[in-house]
Amino acid sequence: MRKLYGVCSVAVAGLILGCAHTASRGELDRFQQAYYAKDHKQADQVSKAALKEDKKQKDAPLWNLEDGVNAFMMGQYKASLDTLDKANKTFDTNFKSMEKGIAKAGAATLGSAINVPYEGHMYEWTLTNYYMALDYAFLGNKQDARVEFNRTIDRERRIKEAYKKQIKKTQEEMEKAKQKNGAMFSKLTAGTAGWQSELDKTFSNLAQFKTYTGFINPLVDYVSGLFFASTGDSKGIDDLKEAYGVSQNKIVGEDLKNFMDHTKEKFTWVIVEDGKQPTLGEFKMPSINLALPKLKDGQAFHTNFSVVVDGKSEKMGVLSNFNVVVQKEFQTTLPVIRGRAISSAILKTAAGKGMETAGQFVPGVGGAVMSGLGSVMRSVNKASTAADTRGSNVFPSMVYLGRVDNKAHKFSIQIDNLHQDFTIAPCNGKPAAPGQVCGDTNNIIFVRTFPNDLNVKSLSL
């Protein structure tokens, strides 16, 4: 009997702890170090190795998102598109489930929340479509780029309504958990006060960003708006209105007026993504055997951003504050995060205790094994408590915007001591030469900063 109990105990422990191969912090750190050192080939190798090691593919959507954006930075647009599409299929399934009010996988009944398949954060769902649209645009496939930009904006706007159903579902689950063990529910709720207090400090500055509501990221609306408006599609006006409503950026407001007035002037916009987005850390509450995620601040790489046109310098303004986009989503999802954690903790406790108690009424070896396994479940659940801190680390902390009238002859993008120079000349339907933008088309120059370098891409609309 002792041998049987030992084998079963190991099996249960393996079931609970053996799922621990997730996008480990070590792997994500290695990827991040390579990515921000602009060693994109090394970052690609890290992500592909992590995907290969993840036998159950629980973290595949996250790694496909990371590697897809990394491929975009390398100019490998077809590879980026194929990789992001894999992430998008999973994210799309999760989004549709949320729209139908079907609970997402949530925290595992056994073991840690990081044992469940990666669902993605809602801003990641939108940005996956956004980068797929850019991939199509850089490949010269404007039609599929239009389709993907439409999907980007449609998903962004539908998330708000869909999430209301998610909150309702979580409230129902919490009520069931409360009925199952009211005393434990009260203890866990009270025990998360320290976590809530720390988050309140994190969110203390959000009051000044009242325009950032409804899961809207002005970056994606603005680029989509420029793409559509430059081809005379009135849909672009709606996207620019959304971007201006959130960002309140002066250039966006001027663009909106220009396109509404059907201007014939041509412009080149400069969009700079700087720094590293906020990421997730862990807040442990040993006294109640609970762990929840917390936000770690994003990081800026540079401080001075300007466009110098024919010798005249103009500072760029903020187009999208990714710190706020991520913080606002996290703040909105707090009731669900806490509710799922508390409900899961109660279910885990009940499952272990239930098996342990049931074993007392089963005669012989079977009963002893059941009781023993129940005890093992409770012990291992306690030992494996961890918050789900998985998430992307490839996006910026801030996005800045500048604009050049194409009547100018030359301009320079200045970011601290880094710069990129351009001349403006007609292209007459041909691709622009290196260091040149087409004066007879609208253009967007996308700049991704790194601590000591820039990644610069030019797109004619």
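Bear in mind that the values here come from a model prediction, so they are computed numbers and not experimental data.
Remark: Arg157 engages Asp239 in a salt bridge, criterion side-chain N to carboxylate O under 4.0 Å. Contact check on Asp67 versus Lys48 returns a salt bridge, with a Lys/Arg side-chain nitrogen under 4.0 Å from an Asp/Glu carboxylate oxygen. In this structure, Asp233 does not pair ionically with Lys235, as no charged nitrogen and carboxylate oxygen lie closer than 4.0 Å. One finds no salt bridge joining Lys78 and Asp135 here, because no Lys/Arg side-chain nitrogen approaches an Asp/Glu carboxylate oxygen to under 4.0 Å.
With hydrogens and angles left out, the side-chain atoms of Glu148 and Asn129 include a donor and acceptor closer than 3.5 Å. In this structure, a donor-acceptor pair under 3.5 Å is absent between the side chains of Tyr35 and Gln42. With hydrogens and angles left out, the side-chain atoms of Thr263 and Asn258 include no donor and acceptor closer than 3.5 Å. A donor and an acceptor atom, one from each side chain of Ser320 and Asn217, are located under 3.5 Å apart. For Asp416 and Asn304, the side-chain atoms include at least one donor-acceptor pair closer than 3.5 Å. Using modelled atom types, one finds a donor on one side chain and an acceptor on the other under 3.5 Å when comparing Ser392 with Gln277. For the residue pair Asn141 / Arg146, no side-chain donor-acceptor distance below 3.5 Å is found, with atom types taken as modelled. Using modelled atom types and a 3.5 Å distance limit, the side chains of Thr83 and Asn64 yield no donor-acceptor pair. For Ser460 and Asn443, the side-chain atoms include at least one donor-acceptor pair closer than 3.5 Å.
For Tyr136 and Tyr77, the distance between ring centers is not under 6.0 angstrom.
Under the ring-ring contact (aromatic ring centres under 6.0 Å, His included) rule, His40 has a single partner from Phe450, Phe31, Phe72, which is Phe450. When Val252, Asp221, Asn249, Asp255 are each tested for a side-chain contact (heavy atoms from CB on, under 4.5 Å) with Tyr244, only one passes: Val252. Among Leu51, Thr90, Asp54, Leu28, the single residue meeting the side-chain contact (heavy atoms from CB on, under 4.5 Å) criterion with Leu62 is Leu28.
With sequence neighbours left out, the ring pair (Phe, Tyr, Trp, His ring centres under 6.0 Å) criterion links Phe411 to Phe422.
Closest of all the heavy-atom pairs between Lys41 and Met74 is N-SD, 4.1 Å. Considering all non-hydrogen atoms of both residues, Asn442 and Ser230 come closest at ND2-OG, 3.2 Å. Val223 approaches Leu134 most closely through the heavy-atom pair CG1-CD2, 4.2 Å. Across all their heavy atoms, Ile445 and Ser458 have their closest contact at CG1-OG, 4.1 Å.
Panel note: side chain Thr231, backbone Phe228; a donor-acceptor pair is recorded below 3.5 Å. A donor-acceptor pair under 3.5 Å is formed between the side chain of Asp440 and the backbone N or O of Asn428. Looking at Asn94, its side chain does come within 3.5 Å of a backbone N or O of Glu119 through a donor-acceptor pair. No donor-acceptor distance shorter than 3.5 angstrom exists from the side chain of Ser397 to the backbone of Gly298, with no hydrogens or angles considered. Within the 3.5 Å criterion, the main-chain N or O of Ser306 finds no donor-acceptor partner in the side chain of Glu314. A donor-acceptor pair under 3.5 Å is formed between the side chain of Trp195 and the backbone N or O of Pro293. Within the 3.5 Å criterion, the main-chain N or O of Glu156 finds no donor-acceptor partner in the side chain of Trp125. The closest donor-acceptor contact from the side chain of Lys86 to the backbone of Ala60 lies at 3.5 Å or more, if one exists at all. Side-chain N or O atoms of Glu273 include none that pairs as donor or acceptor with a backbone N or O of Met398 at under 3.5 Å. Side chain of Ser80 to backbone of Gln76: no donor-acceptor contact under 3.5 angstrom is found.
The aromatic rings of His121 and Tyr123 sit parallel, their planes meeting at an angle under 30°, below the 60° perpendicular limit.
Atom-to-atom distance recorded for Asn406:CG and Thr441:OG1 is 7.0 Å, nearest 0.5 angstrom. One distance of note links CG of Asp274 with CD of Gln299; it measures 9.5 Å at 0.5 Å rounding.
Geometrically, Arg390 does not engage Tyr118 in a cation-pi contact defined by less than 6.0 Å to the ring centre and at most 45° from the axis.
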Derivation of the side-chain hydrogen bond (donor to acceptor under 3.5 Å, both in side chains) call for Asp421 and Ser412: CA-CA 4 Å; Asp421 301 326; Ser412 177; 2.8 Å; yes
